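Accompanying notes for the structure given below.
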Amino acid sequence: MDKKQLAINTVRNLSVDMIQKANSGHPGLPLGASPMAFVLFNDFLKHSPNHPDWINRDRFVLSAGHGSAMLYSLLHIFGYDISKEDLENFRQLNSKTAGHPEYLNAQGIDATTGPLGQGISMAVGMAIAQEILAAKFNKDDYKIFDNYTYVLVGDGCLQEGISNEASSLAGSLKLSKLICLYDSNNITIEGDTENVFSENVRGRYEALGWDTYFVENGNDIEKIAKAIEEAKASDKPSLIEVKTKIGFGSVFEGSEKCHGAPLGKENIPALRKNLAWEYDEDFYVPKEVRDLTRESVEKNDNLYAQWEDTLNKYKNAYPQDYDLLEKFFKGDLDEEYLQSEDFMTFEKDDASRGYSSTILNRLKDKIPNLVGGSADLSSSNKTFLKGEDIFSKDNRNARNLQFGVREHAMGAISNGISLYGGLRPYCATFFVFSDYLKPALRLSALMKQGIIYIFTHDSIGVGEDGPTHEPIEHLAMLRAIPNLLTIRPCDGLETACAYRVALENKDRPSALVLSRQTLPNLEESSDKAMKGAYVIKDFAQSPQDLQGLVIATGSEVKACLDACQILSDKGIKLRLISMPCQEVFDQQDDSYKEEVLPGSITKRVSVECASTYGWQKYTGLSGLNIGIDSFGMSAPGKVLMDYFGFTSEKIAQNIEDYLNK
């Protein structure tokens, strides 16, 4: 048997063995798609297990993440840090070989995938990052960044709306170093796709601005290789449709029955016979395959050595550019500046989206690798970097990104930019549309990517646009996502603190929730906001005289400050606490939490212009939670604030009634 064919069948059998031992997994894709995946890894992909973090390596994203067994098998035979024992522990607790590829689990996994459509969208982000960095650092005589991004998708990925959002943008931007391998087998979990996915996929992608190629037989590795060669020469992103048979060689070939269930021990002998597999041992890799992949690794190690030599020459020829390149990838922050008055103070009162705009434009010169944009709302989100160009098909050396009306793709593309390395992305939309990108935001948190999500128009203060545009449940939704920081500042100082927290947390995404309406700068606000919550003001001479605690966020802090003063004039002494970030406050030590929220004071009130869900954690079952547990309405913002009880007078009356019960 030809060595390459033997290697392909090795990947197939390793995958089947993993799934059978785990009694869980998806054998259909590995059996059908292994030829194209092996040819890519062996003949084209610029990668090395000896240099897994090579910044100019080709990226590979398995968008059809349910085929993870195939990826792990490939990484194993190419010498990555995935052992036979790791393969045997597929889908087991704390294994490197999780049910779907997880970015932080093992070397060689460039993105966490599984939610269909996310992978191809992250690949678009990686291709954008490559173009930005190439334009910034490449010279005519030194190519530091010239890698490709490859992604393998299935029918399911291309049915998800996010894939079309991202692919449309990729075509408009002419991301020519993006190549998509399409495992086209017309099967999903429910069976044949005829009823639900009968479109001309290549025709669609051509309309989106891609070049397309077709390989009729998924086992024809020569034609697959030729298609990849042609795609690499294109000046557009490329889609290579490869017709395969799900479960190739098994008794379930062509059937959805092998999509998401083991083949069964009784059916494996027939598979091995059909594949002319002569080995009885499970998890077996023939010596010929080891030799073949070793040759491929040696070839790529030579490419790495050549690139490293180029980088050293670049360092000598362009020392300032080299120093900047190092700064991009280290991501060091100017902590002294972030704590300075120049960064933390503002000349006039503004909406927190306005403070955010000022901060972004202060940061752009201090953080030269900061890039980002909005889903067609930069003028409303105020996220444009002034004096910087817009990234386009004609201008790659730019920092302002236009995502179009594509919130979901925006989140995933930002993930891809971050995963590529070297750039610190932010993205923005109206807060209510955080729903549209929540799956991508969740992956940011899962992959520990420090992306900054800027969500403006954060409450019923949006006003006339009405309930469709007024976020209610969204703060509770974001706060429920593990490893995400949700920060709702009350003025300019707290907005600056929010950015400091976001920038310093490189392994956590942050959601900055910002107002449309003006939030005056408060004399009482403090950089203690960095602790997540702090005492804005005590309206009593000593803590022993306090009759209750009031906790507020964002625009409600000023209203509560005035409400507490109204009550203080009546002899009711309260403590007002600003809590811009619950997650950061919860990380503080017990003594600080007790200092801010004394356990002896049981009368507690939360005030937030959103769902009250979750505030009971701080106010207790007997506390008062002032919020909105219905949808909003259409009217001027000030009218709505009065209608829903968020004026200082109505807040004061509500609290007084609670305390007098």
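Values in this document were obtained by computation on a predicted structure and should not be read as measured data.
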Do [X] and [Y] have side chains that approach each other closer than 4.5 Å (heavy atoms only, starting at C-beta)?
X: L324; Y: P368; answer: yes
X: I417; Y: L401; answer: yes
X: Q547; Y: K603; answer: no
X: Q130; Y: R59; answer: no
X: L370; Y: L360; answer: yes
X: I487; Y: V513; answer: no

Say whether [X] and [Y], considering side chains only, have a donor N or O and an acceptor N or O under 3.5 Å apart.
X: N625; Y: Y613; result: no
X: S578; Y: E494; result: yes
X: S542; Y: D545; result: yes
X: Q582; Y: D586; result: no
X: D629; Y: T612; result: yes
X: R406; Y: S168; result: yes
X: N483; Y: R508; result: yes
X: H408; Y: E160; result: no
X: S515; Y: S352; result: yes
X: T113; Y: Y103; result: no
X: S591; Y: D589; result: yes

**OP:** State which residue, out of S414, S510, S434, S444, fulfils the side chain to side chain donor-acceptor pair (under 3.5 Å) condition with Y453.
**Re:** S444

**OP:** Please determine which of T495, N521, D491 meets the side chain to side chain donor-acceptor pair (under 3.5 Å) test together with Y355.
**Re:**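 Of the listed options, the one satisfying the test is N521.
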
If you count the non-hydrogen atoms of other residues, nucleotides and ligands that lie under 6.0 Å from [atom1] in [X], is the total more than 12?
X: K638; atom1: NZ; answer: no
X: Y436; atom1: OH; answer: no
X: K448; atom1: NZ; answer: no
X: Y643; atom1: OH; answer: no
X: R479; atom1: CZ; answer: yes
X: K393; atom1: NZ; answer: no
X: K593; atom1: NZ; answer: yes

Distance, nearest 0.5 Å, that separates [atom1] of [X] from [atom2] of [Y]:
X: K386; Y: F384; atom1: NZ; atom2: CZ; result: 10.0 Å
X: S356; Y: L363; atom1: OG; atom2: CG; result: 9.0 Å
X: Q616; Y: S606; atom1: CD; atom2: OG; result: 7.0 Å
X: I132; Y: N397; atom1: CD1; atom2: CG; result: 9.0 Å
X: K136; Y: L133; atom1: NZ; atom2: CG; result: 10.0 Å
X: R516; Y: S459; atom1: CZ; atom2: OG; result: 10.0 Å

Search all heavy atoms of [X] against all heavy atoms of [Y] and return the closest pair with its distance.
X: G354; Y: K382; answer: CA-CD, 4.1 Å
X: L437; Y: E407; answer: CB-O, 3.4 Å
X: D110; Y: M126; answer: O-CE, 3.4 Å
X: S63; Y: L116; answer: O-CD2, 4.1 Å

Subject >> Test side-chain contact (heavy atoms from CB on, under 4.5 Å) applied to Q517 and M641, step by step >> reply: CA-CA 12 Å; Q517 69 271 31; M641 288 296 184; 3.7 Å; yes

Original post:
So, is the end of the K573 side chain (NZ or CZ) under 6.0 Å from the ring centre of F539 and within 45° of the ring's axis?
Top reply: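 Judged by the rule, K573 and F539 form no cation-pi pair.
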
Subject >> R488 and D458: CA distance, side-chain angles, deciding distance, salt bridge (Lys or Arg N to Asp or Glu O under 4.0 Å) verdict >> reply: CA-CA 9 Å; R488 187 171 184 243; D458 69 340; 2.8 Å; yes

**OP:** List the steps and the verdict of salt bridge (Lys or Arg N to Asp or Glu O under 4.0 Å) for K661 and D657.
**Re:** CA-CA 6 Å; K661 283 183 180 178; D657 291 345; over 6 Å; no

**OP:** Would you please test I413 and L169 for side-chain contact (heavy atoms from CB on, under 4.5 Å) and show each step?
**Re:** CA-CA 10 Å; I413 289 168; L169 183 59; 3.7 Å; yes

**OP:** Please check if the distance between the ring centroids of F455 and H474 is under 6.0 Å.
**Re:**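 No - the distance between ring centres of F455 and H474 does not fall below the 6.0 Å cut-off.
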
Subject >> H457 ring center near F430 ring center (under 6.0 Å) >> reply: yes

**OP:** List the steps, then state whether side-chain contact (heavy atoms from CB on, under 4.5 Å) holds for T468 with V432.
**Re:** CA-CA 8 Å; T468 60; V432 76; over 6 Å; no

Original post:
Could you walk me through whether C560 and I651 pass the side-chain contact (heavy atoms from CB on, under 4.5 Å) check?
Top reply: CA-CA 7 Å; C560 286; I651 291 170; 4.3 Å; yes

Original post:
Does a side-chain N-to-carboxylate-O contact under 4.0 Å join D342 and R362?
Top reply: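 Judged by the 4.0 Å cut-off on N to carboxylate O distance, D342 and R362 do not form a salt bridge.
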
